[in-house]
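What follows is a short report on a single structure.
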Amino acid sequence: MTQWQTVRLDTPAEGVRLITLADPERRNALGDRMRVELSAAIAAVREDGGARVLVVGAEGSSFCAGADLPALFGAEQSGRPVGELRQRLRSYYQSFLALRDLEIPTIAAVQGPAVGAGLNLALCCDLRIAGPEAKFAATFTRIGLHPGGGCTYFLTRELGAQRALAIMLDGGALSAAEALAQGLVLAVEPDPLAEALRRAERHAGLRSELARDLKSAVRLAAHGDLESVVEFEAWAQAESATHPEVARFAARFERGRQRGD
């Protein structure tokens with residue numbers, strides 16, 4: 001990992017992995033190098049059997065200023081066929097969308113502006129903790145650009161169709177307080193990374209299969225019907241009941257009932 005220049009991967013606590021965007025001079029803009037390094041870091045977490053929770057944070061005053069627009073749309077890219085440009089865009093998208101393929105819980109610690117692709121990166125995580133200076137900006141239309149990287153999906157899911165369309169038409173942004181009020185973030189904390197790591201360490205104490213199945217159930221509940229959710233829950237709860245801690249709790253409960261507790 002010493003060869004990585006724009007991303008770091010650390011183990012701050014047992015079971016917890018931390019990916020840090022580490023290019024503050026460029027406000028952690030997602031360029032070609034960061035695209036490759038972020039993909040590699042996420043792949044390393046995916047293959048790491050000891051990883052139970054992932055936190056994504058950033059150095060500097062910005063979480064991520066979005067994609068490197070000159071690299072994507074500058075003079076060197078002028079005249080490229082739409083299909084070729086689309087493939088290049090998809091390679092950028094995949095560098096952060098890969099977060100959604102992880103089975104373990106993921107937490108974004110957003111200490112500053114998350115703009116465009118940076119907004120998508122934060123929204124790819126299961127939980128989001130914001131700092132007071134955080135901002136969640138869908139500014140694509142300000143430069144005549146259609147949103148990409150799943151932005152319309154994420155914002156519609158989180159805000160509802162009307163609010164999502166309004167913010168994207170406006171090329172607008174939500175402050176940390178506004179994001180909290182609209183459910184885009186879980187909490188606003190003075191030190192979002194410290195809070196994210198505190199939560200991650202607690203969640204890492206869960207049996208990994210339990211956390212994995214709970215994440216799957218919530219995703220199914222967000223888009224599926226009740227019967228599908230209940231069917232999955234019946235399997236997941238039955239599987240979890242085969243583990244020793246459930247039997248130990250049931251035995252303690254029974255002893256307490258016999259004593260009249």
Side-chain angles (χ1 to χ4, degrees), residues 4-9 18-42 54-77 85 88-100 106-125 128-155 158-159 164 167-179 184-185 188 191-193 196:
W4 294 357
Q5 297 181 23
T6 64
V7 170
R8 290 199 313 274
L9 175 59
L18 170 62
I19 289 177
T20 304
L21 308 183
D23 193 9
E25 291 184 359
R26 298 179 66 251
R27 296 184 299 154
N28 298 313
L30 184 63
D32 274 333
R33 180 177 293 277
M34 182 177 284
R35 172 182 64 83
V36 172
E37 293 181 357
L38 181 59
S39 295
I42 295 171
L54 172 65
V55 174
V56 180
E59 288 184 353
S61 59
S62 292
F63 179 74
C64 176
D68 183 339
L69 295 182
L72 275 173
F73 307 120
E76 291 185 8
Q77 311 303 324
L85 181 56
R88 181 162 167 76
L89 286 169
R90 288 297 299 264
S91 71
Y92 271 72
Y93 297 170
Q94 189 53 37
S95 68
F96 51 80
L97 290 175
L99 283 166
R100 289 182 51 79
T106 55
I107 307 173
V110 184
Q111 89 291 7
V115 181
L119 169 64
N120 294 336
L121 172 59
L123 294 178
C124 279
C125 293
R128 289 167 292 281
I129 310 296
E133 303 305 315
K135 183 165 61 174
F136 299 85
T139 53
F140 300 91
T141 58
R142 291 188 187 179
I143 59 171
L145 194 63
H146 191 285
C151 188
T152 55
Y153 171 85
F154 293 129
L155 287 179
E158 299 293 342
L159 303 178
I167 194 171
M168 287 185 283
L169 286 171
D170 291 339
L174 298 176
S175 67
E178 291 168 334
L184 200 70
V185 301
V188 178
D191 188 338
L193 179 58

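- By the 6.0 Å contact criterion, CD on E133 is open, its count of non-hydrogen atoms from other residues, nucleotides or ligands being 12 or less.
- Put simply, CG on N120 and CG on L97 are 7.5 Å apart, with the number rounded to the nearest 0.5 Å.
- Residues satisfying the salt bridge (Lys or Arg N to Asp or Glu O under 4.0 Å) criterion with R142, sequence neighbours excluded, are absent altogether.
- Taking CD from E59 and CD from E25, the interatomic distance works out to 10.5 Å, rounded to the nearest 0.5 Å.
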Check against side chain to side chain contact (heavy atoms under 4.5 Å, CB included), T20 and L193: CA-CA 10 Å; T20 304; L193 179 58; 6.0 Å; no
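- Remark: D170 CG to T141 OG1 distance equals 7.5 Å, nearest 0.5 Å.
- Heavy-atom contacts from other residues, nucleotides or ligands closer than 6.0 Å to CZ of R35 number more than 12.
- Without hydrogens or angle criteria, D68 side chain to L30 main chain gives no donor-acceptor distance under 3.5 Å.
- At distances below 3.5 Å, not a single donor-acceptor pair connects side-chain atoms of D23 with backbone N or O atoms of A29.
- Residues F63 and V56 approach most closely at CE1-O, 3.9 Å, considering heavy atoms.
- With values rounded to the nearest 0.5 angstrom, C64 atom SG is found 6.5 Å from N28 atom CG.
- Proximity of a side-chain donor or acceptor of Q111 to a complementary backbone N or O of S62 within less than 3.5 Å is detected.
- Between the side chain of R128 and the backbone N or O of V110, no donor-acceptor pair lies under 3.5 Å.
- Under a cut-off of 6.0 angstrom, the local environment of CZ in R33 is sparse, with at most 12 non-hydrogen atoms contributed by other residues, nucleotides or ligands.
- Between C124 and F96 the shortest heavy-atom distance is SG-O, 3.5 Å.
- Summarising the geometry of V185 relative to A130, their closest heavy-atom pair is CG1-CB, 4.1 Å, with the distance given to 0.1 Å.
- When all heavy atoms of A117 and A67 are compared, the closest pair comes out as CB-N, 3.7 Å.
- Put simply, CZ on R27 and CG on L21 are 13.5 Å apart, with the number rounded to the nearest 0.5 Å.
- Contact between P132 and A176 at its shortest, heavy atoms only, is O-CB, 4.0 Å.
- In this structure, CZ on F136 lies 11.0 Å from CG on L155, to the nearest 0.5 angstrom.
- The heavy-atom pair separating T106 from C125 by the smallest distance is OG1-CA, 3.3 Å.
- Counting only heavy atoms from C-beta outward, the side chains of R88 and D32 approach each other to under 4.5 Å.
- Checked by atom type and distance alone, the side chain of E37 pairs as donor or acceptor with a backbone atom of Q5 at under 3.5 Å.
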